[in-house]
Number of protein chains: 2
Amino acid sequence: MDAAAKLFASKGYKETTMRDISSEIGMLPGSVYYHFKSKQKILLAVYKQAVDGLKIKVENSISTQSDPWLRLEIATITHLKAIIDQNDYAQVMTEVLPDKAPDIHRELTAMRDSYESIFSEIISKLPLKADVDKGLLRLMLIGALNSTKVWFQTGNFQPEEIGREYVRYLKDSIKE
Amino acid sequence: MDAAAKLFASKGYKETTMRDISSEIGMLPGSVYYHFKSKQKILLAVYKQAVDGLKIKVENSISTQSDPWLRLEIATITHLKAIIDQNDYAQVMTEVLPDKAPDIHRELTAMRDSYESIFSEIISKLPLKADVDKGLLRLMLIGALNSTKVWFQTGNFQPEEIGREYVRYLKDSIKE
DNA sequence: GTCTATAAGAAGATAGAC
DNA sequence: GTCTATCTTCTTATAGAC
């Protein structure tokens, strides 16, 4: 699973072959099928571990904070760190969109939704202007976050800066 | 090219086969190679038309506006309409990331950059707080915009609403 | 639990007839 | 400019030996 996560994260699901995965762990392709019935089952397992792990990370990071804006900022930074630094599992969540594996599209989408509900929860506690749509705000923020992997390279910005700035660029406009 | 754009936009580059493309236009796979030397050349041609077309669309849409914030809002909405409504070419730009075709990665990235420079230009004219990073702001906005295709479905929001709200969620926080 | 061997199909691409 | 036919390679997956 670690090998698959690493490859899915860096090359993508379709671009990763069973040969890639097996050779990464010094096995032959056929041997992998003793552990997983198919390539899709590997993706499902990796995705589940990605979602579960990131959920716990984000929840832990905000657990000691009560200020709603600070909770948003910290959750944002924790999410960014996970998908930018070398957490292969978290990167799979952003690299592999559910529609890349049509047969398990529903399962993958359900997992993503369950993760994003953390952000729904945090945003629901923000003192926002009445006409700010909380759903749209979440989609905007998570969309911006997940797209960082496309352009990010160490040196320019740190995940902490990006998260802090993104929340800052929003806060005064939307707060009550 | 229209057939390829349609397929690349909906299924992705790797997921689209030469057989898909040829059958879409009632041809046999071999025949397509008379027009394009390889699948990558098709992607390059589609990408170029996508970038050129969207550039013109966005530039036209803002050409009669002088207010910098309105220009940003209109460019945002034009971009959203293109990648959400059925403009296959524009959708290829957001669906197919350059790293999906490593051999032509540089060319694709250069084209994307040339398109995004429109937004750099618009943002550079905004009266912003001195400590707002214009590059980061552009990346945040474009990231949020391009991710809409993942969740968008007609009925919920219109492209106009999304664009207007996204700019509104930013404006008061970042303006001078 | 891993290997050998291989099936069965799909992929990008080409040669030459029409 | 398109078709027929095919090459070559790669892909997921399986059967059975060890």
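Not measured: the values here are computed from a predicted model.
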Practice task
Output yes when at least one side-chain N/O atom of Ser31(A) is less than 4.0 Å from OP1 or OP2 of dC3(C), else no.
Solution key: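 Yes, Ser31(A) has a side-chain N/O under 4.0 Å of OP1/OP2 on dC3(C).
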
Problem - Phosphate-side-chain proximity, Tyr34(B) and dT2(D), N/O vs OP1/OP2 below 4.0 Å - result: no

Interatomic spacing from [atom1] in [X] to [atom2] in [Y] - rounded to 0.5 Å:
{"X": "Leu80(A)", "Y": "Lys149(A)", "atom1": "CG", "atom2": "NZ", "value": "12.5 Å"}
{"X": "Arg71(B)", "Y": "Lys125(B)", "atom1": "CZ", "atom2": "NZ", "value": "8.0 Å"}
{"X": "Tyr13(A)", "Y": "Gln40(A)", "atom1": "OH", "atom2": "CD", "value": "4.5 Å"}
{"X": "Leu141(A)", "Y": "Met140(B)", "atom1": "CG", "atom2": "CE", "value": "6.5 Å"}

Calculate the interatomic distance between [X] atom [atom1] and [N] atom [atom2]; express it in whole Å.
{"X": "Lys11(A)", "N": "dT11(D)", "atom1": "NZ", "atom2": "C1'", "answer": "12 Å"}
{"X": "Met18(A)", "N": "dA5(C)", "atom1": "CE", "atom2": "P", "answer": "20 Å"}
{"X": "Arg19(B)", "N": "dG9(C)", "atom1": "CZ", "atom2": "P", "answer": "14 Å"}
{"X": "Asp20(B)", "N": "dA10(C)", "atom1": "CG", "atom2": "P", "answer": "11 Å"}
{"X": "Met27(B)", "N": "dG1(D)", "atom1": "CE", "atom2": "C1'", "answer": "7 Å"}
{"X": "Ile25(B)", "N": "dG1(D)", "atom1": "CD1", "atom2": "C1'", "answer": "12 Å"}
{"X": "Leu28(B)", "N": "dG12(C)", "atom1": "CG", "atom2": "P", "answer": "15 Å"}

Handout entry: Backbone of Leu7(B) reached by a side-chain donor or acceptor of Thr16(B) within 3.5 Å
Key = yes

The side chain of [X] is closest to which nucleotide in this list: [options]?
{"X": "His35(A)", "options": "dT4(C), dG1(D), dT2(C)", "value": "dT2(C)"}
{"X": "Tyr33(A)", "options": "dA13(D), dT4(C), dG12(C)", "value": "dA13(D)"}
{"X": "Lys39(B)", "options": "dG12(C), dT12(D), dT2(D)", "value": "dG12(C)"}

Completion exercise
Taking pairs as Watson-Crick (N1-N3 plus N6-O4 or O6-N4) or G-U wobble (N1-O2 and O6-N3), each distance under 3.5 Å, the stems of three or more consecutive pairs with DNA chain D are C:1-10 with D:9-18, C:12-18 with D:1-7

Practice task
Using heavy atoms to find the nearest nucleotide of DNA chain C for Glu15(B) and Gly30(A) separately, return the residue whose nucleotide is more 5′.
Solution key: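 It is Gly30(A) whose nearest nucleotide is closer to the 5' end.
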
Practice task
State plainly whether the residues Glu165(B) and Arg168(B) are in salt-bridge range, i.e. N to O under 4.0 Å.
Solution key: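 Salt bridge flag = yes for Arg168(B) with Glu165(B).
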
Problem - Heavy-atom side-chain proximity of Leu44(A) to Leu108(A) below 4.5 angstrom - result: yes

Practice task
For Ser22(B), report the nucleic acid contact type (base, sugar-phosphate, nothing); a contact means any heavy atom under 4.0 Å.
Solution key: nothing

